[in-house]
Amino acid sequence: MSEPTTDAPPIVLIHGLWMTARSWDRWAQYYRAKGYEVVVPTYPGFEIEVEALREKPEIIAAASVPETLDHLSDVVESLDRPPIIMGHSFGGTFTQLLVNRGLGAAAVTIDSAPPEGVRVNPPSQIKSLFPILANPANRHRAVGFTKEQFHYAFANTCSREESDAAYDHLHIPAPGSWVWAYGLIANWKPGHQETWVDYDLDERAPLLFIMGGKDHLMPPSVIRSNAKKYRNSEALTETYEFPDRSHFTGVEPGWEQVADYALEWATSHARTPTS
């Protein structure tokens, strides 16, 4: 890969649920070593370490999508040029919402959770989310996975030992309200909800969907259905599948291949600030 030019866009990495900015540590270091400016924001209140968040789940339970989106927008808009935005899982939802606001030079979603309007729910996704959706009281709590559940939902292509080590280092509870509201209810409530995007928008950044072929939580059928929603937009939308990777594709061994593909695509298609 060629070295970045002095006017190369910065890179913003957005984490998803059950994770914090710590999940991007390797990517951030990898891209910085290539000469890129890298910004790794987190959700408001999540700035403390993983271990501290586990001790204060009320911070997680109280998080809101509009507040988080506004915070991420502020981060992106504070940069001196439009960045490449990359988001994993629910961070992919935020990436699409940011692009919908006209932000970013290019965008890459990795195993993205879908915005409103994607109604594909494969069996493995239902099984992955069942621990959160099984109890309606979880709508008002911060809810995590057990190690066994995490291995199935996130890291099924890893050994149980590797998955457990990642769980200990990275996993936090997630706002149960988000899983219920945006994973279950949003598609059936009248009117636009907080994760709605204008799929037909023509003036937006190029958008790439990366998926893992063995992803249980956000299987390829979900990602392809999400990408297909943009079919009427004149803006570039593409997909790419890594067939043997899980939802943990950005962390499990071989993550460099994903990081390289994402960066090469984004730098090749990034809009210039004047376009």
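Bear in mind that the values here come from a model prediction, so they are computed numbers and not experimental data.
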Taking the side chain as everything from C-beta on, heavy atoms only, tell me whether [X] gets closer than 4.5 Å to [Y].
| X | Y | answer |
| --- | --- | --- |
| Leu208 | Tyr261 | yes |
| Asp244 | Thr157 | no |
| Pro131 | Val143 | no |
| Tyr199 | Asn226 | yes |
| Glu194 | Glu116 | no |
| Leu17 | Ser89 | no |
| Thr68 | Pro44 | yes |
| Ser112 | Met218 | no |

Would a distance-only check, ignoring hydrogens and angles, find a side-chain to backbone donor-acceptor pair under 3.5 Å from [X] to [Y]?
| X | Y | answer |
| --- | --- | --- |
| Arg231 | Lys228 | yes |
| His15 | Trp24 | no |
| Glu47 | Gly45 | yes |
| Arg224 | Thr239 | no |
| Trp27 | Trp255 | no |
| Arg26 | Val251 | yes |
| Ser225 | Ser221 | no |
| Asn156 | Ser246 | no |

Determine, using the 4.5 Å side-chain heavy-atom cutoff (strictly less than), whether [X] and [Y] are members of one ILVMFWY cluster.
| X | Y | result |
| --- | --- | --- |
| Leu170 | Val50 | yes |
| Val197 | Val99 | no |
| Val65 | Trp196 | no |
| Phe90 | Leu133 | yes |
| Met19 | Tyr152 | no |

Going by side-chain hydrogen bond (donor to acceptor under 3.5 Å, both in side chains), name the pairs with one or both residues in residues 206-216, residues two or more places apart or in two chains. Asp215-His247

Using the side-chain hydrogen bond (donor to acceptor under 3.5 Å, both in side chains) rule, collect all pairs that involve residues 123-133, keeping only residues at least two apart or in two chains.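 As it turns out, the side-chain hydrogen bond (donor to acceptor under 3.5 Å, both in side chains) pairs with a partner in residues 123-133, which skip direct neighbours, are Asn121-Gln125.
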
Check salt bridge (charged side-chain N to carboxylate O under 4.0 Å, His left out) between [X] and all other residues, then give those that pass, not counting sequence neighbours.
| X | result |
| --- | --- |
| Lys147 | Asp168 |
| Glu51 | Arg22 |
| Asp70 | Arg101 |

Can you name the closest pair of heavy atoms from Ile84 and Ala266 and give their distance?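 What the structure gives for the nearest pair is CG2-CB, 3.6 Å.
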
Smallest separation among heavy atoms of Arg245 and Gly254, with atom names: NH2-C, 3.5 Å

Quick check on Gln257: does its CD atom have over 12 non-hydrogen neighbours (other residues, nucleotides or ligands) under 6.0 Å away?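 Check fails, neighbour count at 12 or below.
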
Take atom CD in Glu256; do more than 12 heavy atoms of anything else shown fall under 6.0 Å from it?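 Yes, CD of Glu256 has more than 12 neighbouring heavy atoms, counting only those of other groups under 6.0 Å.
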
In Å and rounded to the nearest 0.5 Å, what is the [atom1] to [atom2] distance from [X] to [Y]?
| X | Y | atom1 | atom2 | answer |
| --- | --- | --- | --- | --- |
| Arg271 | Leu236 | CZ | CG | 11.5 Å |
| Glu203 | Asp198 | CD | CG | 12.0 Å |
| Phe248 | Asp111 | CZ | CG | 11.0 Å |
| Glu77 | Leu72 | CD | CG | 11.0 Å |
| Thr249 | Phe242 | OG1 | CZ | 6.5 Å |
| Asp80 | Glu37 | CG | CD | 6.5 Å |

With sequence neighbours excluded, tell me which residues meet side-chain hydrogen bond (donor to acceptor under 3.5 Å, both in side chains) with Glu162.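 Only Ser159 meet the side-chain hydrogen bond (donor to acceptor under 3.5 Å, both in side chains) criterion with Glu162.
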
Under the side-chain hydrogen bond (donor to acceptor under 3.5 Å, both in side chains) test, which residues partner Asn100, sequence neighbours left out?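 Testing Asn100 for side-chain hydrogen bond (donor to acceptor under 3.5 Å, both in side chains), a comparison that skips the adjacent residues, returns none.
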
Verify the ring-centre separation between Tyr240 and Trp265: is it less than 6.0 angstrom? no

Determine, using ring centers only, whether Phe150 and Trp18 are less than 6.0 Å apart. no

Using side chain to side chain contact (heavy atoms under 4.5 Å, CB included) as the criterion, list what pairs up with [X], not counting sequence neighbours.
| X | answer |
| --- | --- |
| Ser233 | Asp202, Arg204, Ala235 |
| Ala28 | Leu13, Arg32, Val38, Val40 |
| Ala142 | Pro57, Ile60, Ala61, Pro173 |
| Ala134 | Phe130 |

Quick one: sort the Tyr43 and Phe94 rings into parallel, tilted or perpendicular, breaks at 30° and 60°. perpendicular

For His151, check ring-ring contact (aromatic ring centres under 6.0 Å, His included) against everything at least two apart and list the hits. none

